[in-house]
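A note on names: the letters A, B, ... follow the listed sequences, proteins ahead of strands, and every chain is numbered from 1.
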2 protein chains.
Amino acid sequence: MGITERKEREREEMRQLILEAALKLFLTNGFEKVSIRNIADEIEYSPATIYLYFKDKNELLFALHQRGFAKMVAEFQPLRLLNDPFEKLVEMGRAYIRFAVENPELFDLMFIMTAPMDKLDKEDWVEGDQAFGLLMQVVQECMDAGVFQQHDIQSTAMMIWSSIHGYTALFLRKRLGMFAECDVPVIMDDSFNLFCETLRKGL
Amino acid sequence: MGITERKEREREEMRQLILEAALKLFLTNGFEKVSIRNIADEIEYSPATIYLYFKDKNELLFALHQRGFAKMVAEFQPLRLLNDPFEKLVEMGRAYIRFAVENPELFDLMFIMTAPMDKLDKEDWVEGDQAFGLLMQVVQECMDAGVFQQHDIQSTAMMIWSSIHGYTALFLRKRLGMFAECDVPVIMDDSFNLFCETLRKGL
DNA sequence: AAATTTACTGAACAGTGTTCAGTAAATCAG
DNA sequence: CTGATTTACTGAACACTGTTCAGTAAATTT
């Protein structure tokens, strides 16, 4: 009975169609300014239809959020080639910041916006979990290689992630108004390099 | 002609009345769930009245945001008594995190939400500027005392602020789902202590 | 061919931020 | 004190928002 399979496939195609349209609109107009009606218009369906494929707007956002992680993980792949674990860590941080600056809307959805996380009960956040696992792995390598002293991995990884995340969060939410606009990138860079140096010397 | 003075005073009182009501509602119900109409109801005025005192919702939010900074600065005062500059820095970080955890809505407004910063043209962000100045001062003291090596102050202060801010941003936006809920505070604390230790050794 | 399931929609509900003509009171000028 | 003007406020509306639900037309099953 291939008919139910086809139905299911069509259903999945429709979901993807919605997500694609939503992503396109979000990336061009920003999240705040895109409504369910806009998305419905884009795919030439009624707004009510969207609710046949997603429970509510948050679920739709969460689906996009997963796409964001897929993209980020893809961009992290080249790092696997690096041999020096510390260099790998540093480049990972740089990639994180670069991703945030180049994909502000996606990054927002993944790490800053409240909306997509509102419904999540407990440990459904597989994507975040995996990404953090990757970081812990690299940190472990640094410790094994003697670049860092032995410390609790979770806390160490958390410390590094938080630090890197801080830059992006403050930058994306426009909290660096105390610097001249043109100085911001260079200060961010200097600051990041200083952090790396400090880690290498002090951790 | 004391009449214009009285008018001005009454106007300021009205502004404060609105802000007080708004803050009360925001802190009890969260920012997302409070509308201009709610605030108007609370003070028993028409919604349109609020627009006679604030250009739009963002301006109202920005006014509250300033109150948040006032409260934060007040909580930072006891730190002035500390003599050891490094201890001062550490306690400043701890106070920042504590403020975020104990006043999540205010902190959100001050450092995470986009809304209040949307209209701000360039360097209107006096509050943030002052707070950052305070941090730079302490960092300078640490360098002078020989706890840190000499580095560019702005970048160093930025590095420290970002790092501390990262914890709070990830925590408040519920991105620590990879840890068991009960572990979060202890990991945050371990991680913060590790950061301080790393700074002392490596900076 | 008839009955049933599926996919979709128009219209509505209750809410949002914001504007604006209109009103009543306070202030000013003569 | 009276009439004109300014001030403070409001009700109603506009153009949105997310979401629901009865109703419809097509696809599928019987």
To the nearest angstrom, how far is [X] atom [atom1] from [N] atom [atom2]?
{"X": "A/Glu5", "N": "C/dT6", "atom1": "CD", "atom2": "C1'", "answer": "18 Å"}
{"X": "B/Ile50", "N": "D/dG11", "atom1": "CD1", "atom2": "C1'", "answer": "15 Å"}
{"X": "B/Leu52", "N": "D/dT10", "atom1": "CG", "atom2": "P", "answer": "9 Å"}
{"X": "B/Glu8", "N": "D/dA8", "atom1": "CD", "atom2": "P", "answer": "11 Å"}
{"X": "B/Glu10", "N": "D/dA8", "atom1": "CD", "atom2": "P", "answer": "8 Å"}
{"X": "B/Ile18", "N": "D/dC9", "atom1": "CD1", "atom2": "P", "answer": "9 Å"}
{"X": "B/Glu12", "N": "D/dA8", "atom1": "CD", "atom2": "P", "answer": "14 Å"}
{"X": "A/Tyr45", "N": "C/dA7", "atom1": "OH", "atom2": "C1'", "answer": "9 Å"}

Restricting both atoms to N or O, compile the protein contacts to nucleotides 23-27 of chain C shorter than 3.5 Å, with distance only.
from, atom 1, to, atom 2, distance (Å)
C/dT27, OP1, B/Arg6, NH1, 3.4
C/dT27, OP1, B/Arg6, NH2, 2.1

Protein-to-nucleotide contact annotation, 5' to 3' order, nucleotides 11-20 of chain C [B base; S sugar-phosphate only; - none; under 4.0 Å, heavy atom]: -B---BBBBB

Centroid-centroid under 6.0 Å between A/Phe195 and A/Tyr167 rings: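 No, they do not, as the ring centres are separated by 6.0 Å or more.
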
Candidate pair B/Met159 and A/Asp190, rule side chain to side chain contact (heavy atoms under 4.5 Å, CB included), full reasoning: CA-CA 9 Å; B/Met159 187 266 264; A/Asp190 284 358; over 6 Å; no

Ion pair check, A/Glu91 and A/Arg94, cut-off under 4.0 Å: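 Here A/Glu91 pairs with A/Arg94 in a salt bridge, since their nearest N and O are under 4.0 Å apart.
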
B/Lys24 bridged to B/Glu20 by N-O distance under 4.0 Å: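 No, no charged N to carboxylate O under 4.0 Å.
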
Touch class at under 4.0 angstrom, heavy-atom based, for B/Phe54 against every strand present: nothing

B/Asp56 side-chain N/O to B/Glu59 backbone N/O, donor-acceptor pair under 3.5 Å: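 Yes, the answer is positive, given that a donor and an acceptor are paired below the 3.5 Å cut-off.
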
Under 3.5 Å: donor-acceptor pair, side chain of B/Arg15, backbone of B/Tyr53: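 Between the backbone of B/Tyr53 and the side chain of B/Arg15 there is a qualifying donor-acceptor contact (under 3.5 Å).
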
Flag side-chain contact, heavy atom, 4.5 Å: A/Phe69 against A/Val126: no

Side chains of B/Met143 and B/Gln149 in contact at under 4.5 Å (non-hydrogen atoms):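 B/Met143 does not reach B/Gln149 side chain to side chain.
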
A/Thr49 vs C/dC8: side-chain N/O to OP1/OP2 distance below 4.0 Å: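 No, outside the criterion.
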
Side chain to side chain contact (heavy atoms under 4.5 Å, CB included) between B/Tyr45 and B/Ile50, worked out: CA-CA 8 Å; B/Tyr45 277 83; B/Ile50 291 178; over 6 Å; no

